[in-house]
Amino acid sequence: MKHTLAALVENHPGVLNRVASLFRRRGFNIESLAVGTTEQEGISRMTFVVEGDDNVGEQVEKQLYKLIDIIQVSDLSREESIVREIALIKVRSEKNNRRDILDLVEIFRAQAVDITEYSVVIQLVAHPETVDSLLENLAAYPIIEMVRTGRIAMLRGPQAISVPTTEPVEVARFHQASGRRPEGELPYISE
Amino acid sequence: MKKITGADIVLESLKKIGIDTVFGYPGGVVLPLYDRWPSHPEVRHILVRHEQGAGHAAEGYAKASGRLGCALATSGPGATNLVTAITDAMMDSIPVLFITGNVARNLLGRDGFQEADITGITMPITKHNYLVMRAEDIAPTFAEAAYIATTGRPGPVHIDIPKDVFIEEADFEWPEQISIRGYEPFPFINEDEIKNAVQLIRRAERPIIFAGHGIIQADASKELMEFAEKSGTPVLNTLLGLGSIPQDHVLSYGMMGMHGSYWANHAASNADLIIGLGMRMDDRALGRFADLNPTANVIHVDIDPAEHNKNIITTTPIVGNVREVLKILITQFEPLSHIDWIHWIDELRRDHKDSFKVPEVDELTPQYIESRIAEKIGNEGVVVTGVGQHQMWAAQLMNISRPRQLITSGGLGTMGFEVPAALGAQVAEPNRTVWTICGDGGFQMTNQEIATMIDENLPVKMAIMNNGFLGMVRQWQELFYGNNYVSVNMSQPDFVKLGEAYGIKSLRVSNKSEVDDVIIEANNHPGPVLIDFQVETEGNVWPMVPAGAALSETVETSDQVKAL
Ligand SMILES: Cc1ncc(C[n+]2csc(CCOP(=O)(O)OP(=O)(O)O)c2C)c(N)n1
Ligand SMILES: [Mg+2]
């Protein structure tokens, strides 16, 4: 089963490294990863697709939460969501087959974004399965280059994935709440 | 406000987070920091002899006291020498702040002299790490780092600072508040899960508690005992959970796991309700996961939700500080008792106690020595160990009954932990007697820290269990590799001469009859003492759960291993 997870992360240097390192170490298999900015400054959004059973999905989510720079993780495969991917596909094409290719472009509601004497570049924004299907239909033509962004996803309806509000912690107080040495003098603050 | 240097800001920040001692080792890029140290006498610097020693000493300090430890090293080799200790702290959830210097900002990434990508290296072995690129960021980074290291599930945090950031000047502004969006160390305790847990507790006929390190870290010993007493539940300890309940408590049944007792392991396998408290369901404690006890219900209380359902499937996971959770749980049910179940375990204990005691032989055994040391120092002393057979015997036989009494490397199993960790524990607890039970192998990995003990007047007592072997490995070769001893038999230096060369009191013991006197002599000596105990060479630790076996397959003799 595929899990599509969306994570809001602090846009700190090294955050991608932290996430990649975690996936490698725990042996989680990333099928696709897309990173970009969000409506909020300083926060990026990562969308992962991970292969594995529900237990793997749960562990990925929890392990991600252990990273301090990860603010919020949602498993979008559990809910109704819009899933999209962009593909750019460069096909070798000459006069004799150009019409057929452009027909496919139309059927898939793709776009031909660059046409030369010998090539067509097709752009498709669609569900990844639709992208797969277009590729199958293009199999008869020589594809000379292809790039896909990896999937991005968003919940349907008005609810949104957002940053939870956190109460700031008084530095001088945090140790008391931390549950250690309740009776004794406070270990951490020197004054 | 007058601007001060980054170096001064580091030292002021250390004072703010209450660090009174730094275990460190200087080098090129941290020179600007050391240069300012004399102006900050409130922070004691202890010069170790190897950065690994600094790291383990900081761990020993943190484990003995519950306070944040701190170790410091220079860039490149200094920093990489810390890696073992950082990993050890990560595996055992020990709050330690690791500080390293790095090459100047304009040289980062250019493979300059003594540059190591240390933040890249420590990323997977720290709870969090930082590279500080501006002097003005130092104070907020230290405030955040200390907060992260000591709250929630504690752990190591690493701060890397380029050389010129120590020199750059900035205002020293200590933050009054911290707000980290991605970090919630005080989770809200889920009432539904509490209700589910209470139902399971009420219904259980054969409940068992696995009490782990979290009990000690959360200061929840008292609550653990109250909960066990009220619910009539026997308590087993993981290695790092030892001390969370006194061994002579009626409901305490000692250590479970690979070298746990026969009765503890069978109780774990026959319970109908497992209550894991502040422990992480590790394979050394639980044996083969699939066969731990597939029919039992499992309540698992841990502050780190990622531990739930990681190794075994949990019926009722409760996320929270184990002390807070226990405080709530205790109020939710009427007193319960499970007499038949407890009798069943007691009977097992009666029938199998021989595999879990000091052997009655004339030879000098580590078991005998360790039990005598325990007897002589009592529970107010601190016991540190290395890793191997001597460690398991310490766990089994030293009557560990007080939180923070035992300091040992559990998750990583780091040989060489014993000498520097003991040094750190003695710094944290100057009024306690600190004994470290050393393997002859492990001792030779870090014994240079004896020099540090002398410099700093740390009267640690080092008891080397000199069996001439990498004993635990030899035991495995004997039992599981048909007696094929390969690279486990080492020649040793004359440990007494070695100790004398360092200038400390050094003694050798080869007879049982001398043991008590020597322990007393060491205890009475005001400085460090080294004792070379020439023990039986080929003793084995029993009982044992062979690697990959289930707890119910605990064996007590070599013949049983051969029959497997
Ligand atoms: C740094 C390190 N290297 C290797 C090991 C593997 N190992 C585990 S126990 C052991 C033998 C320890 O020998 P010693 O310190 O003499 O203790 P003994 O078992 O003899 O009591 C070894 C080599 C380890 N745990 N740590
Ligand atoms: Mg040995």
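Residue numbers start from 1 in every chain, and the chains themselves are labelled A, B, ... in the order their sequence lines are given, proteins ahead of strands.
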How about [X] and [Y]: do any of their side-chain heavy atoms sit closer than 4.5 Å?
{"X": "Arg25(A)", "Y": "Ile125(B)", "answer": "no"}
{"X": "Lys62(A)", "Y": "Lys310(B)", "answer": "no"}
{"X": "Asp69(A)", "Y": "His128(B)", "answer": "yes"}

I'd like to know whether [atom1] of [X] has more than 12 heavy-atom contacts from other residues, nucleotides or ligands below 6.0 angstrom.
{"X": "Arg44(B)", "atom1": "CZ", "answer": "yes"}
{"X": "Glu129(A)", "atom1": "CD", "answer": "no"}
{"X": "Lys327(B)", "atom1": "NZ", "answer": "yes"}
{"X": "Glu51(A)", "atom1": "CD", "answer": "yes"}

With respect to chain B, which residue among Arg18(A), Glu61(A), Gln59(A) yields the maximal number of heavy-atom pairs within a distance under 4.5 Å?
Arg18(A)

Chain B: which of Val9(A), Ile71(A), Ile43(A), Ile68(A) shares the most heavy-atom pairs with it under 4.5 Å?
Ile68(A)

Can you tell me which portion of [X] sits under 4.5 Å from chain B's heavy atoms? Options are side chain, backbone, both or neither.
{"X": "Ile70(A)", "result": "backbone"}
{"X": "Asn17(A)", "result": "both"}
{"X": "Leu8(A)", "result": "neither"}

Shortest non-hydrogen contact between [X] and [Y], atoms and distance:
{"X": "Asp304(B)", "Y": "Lys66(A)", "result": "OD2-NZ, 2.7 Å"}
{"X": "Glu58(A)", "Y": "Asn309(B)", "result": "OE2-ND2, 3.2 Å"}
{"X": "Ser21(A)", "Y": "Pro124(B)", "result": "OG-CB, 3.9 Å"}
{"X": "Ala306(B)", "Y": "Gln63(A)", "result": "CB-NE2, 3.7 Å"}
{"X": "Arg181(B)", "Y": "Gly42(A)", "result": "NH2-O, 4.3 Å"}

Keeping the roles fixed (side chain from Glu176(B), backbone from Glu170(A)), state whether a donor-acceptor pair exists under 3.5 Å.
no

Between [X] and chain A, with a heavy-atom cut-off of 4.5 Å, which part of the residue counts as in contact: side chain, backbone, both or neither?
{"X": "Pro305(B)", "result": "both"}
{"X": "Ile303(B)", "result": "neither"}
{"X": "Asn129(B)", "result": "both"}

Inter-residue atom distance Tyr183(B).OH - Glu10(A).CD, 0.5 Å rounding:
14.5 Å

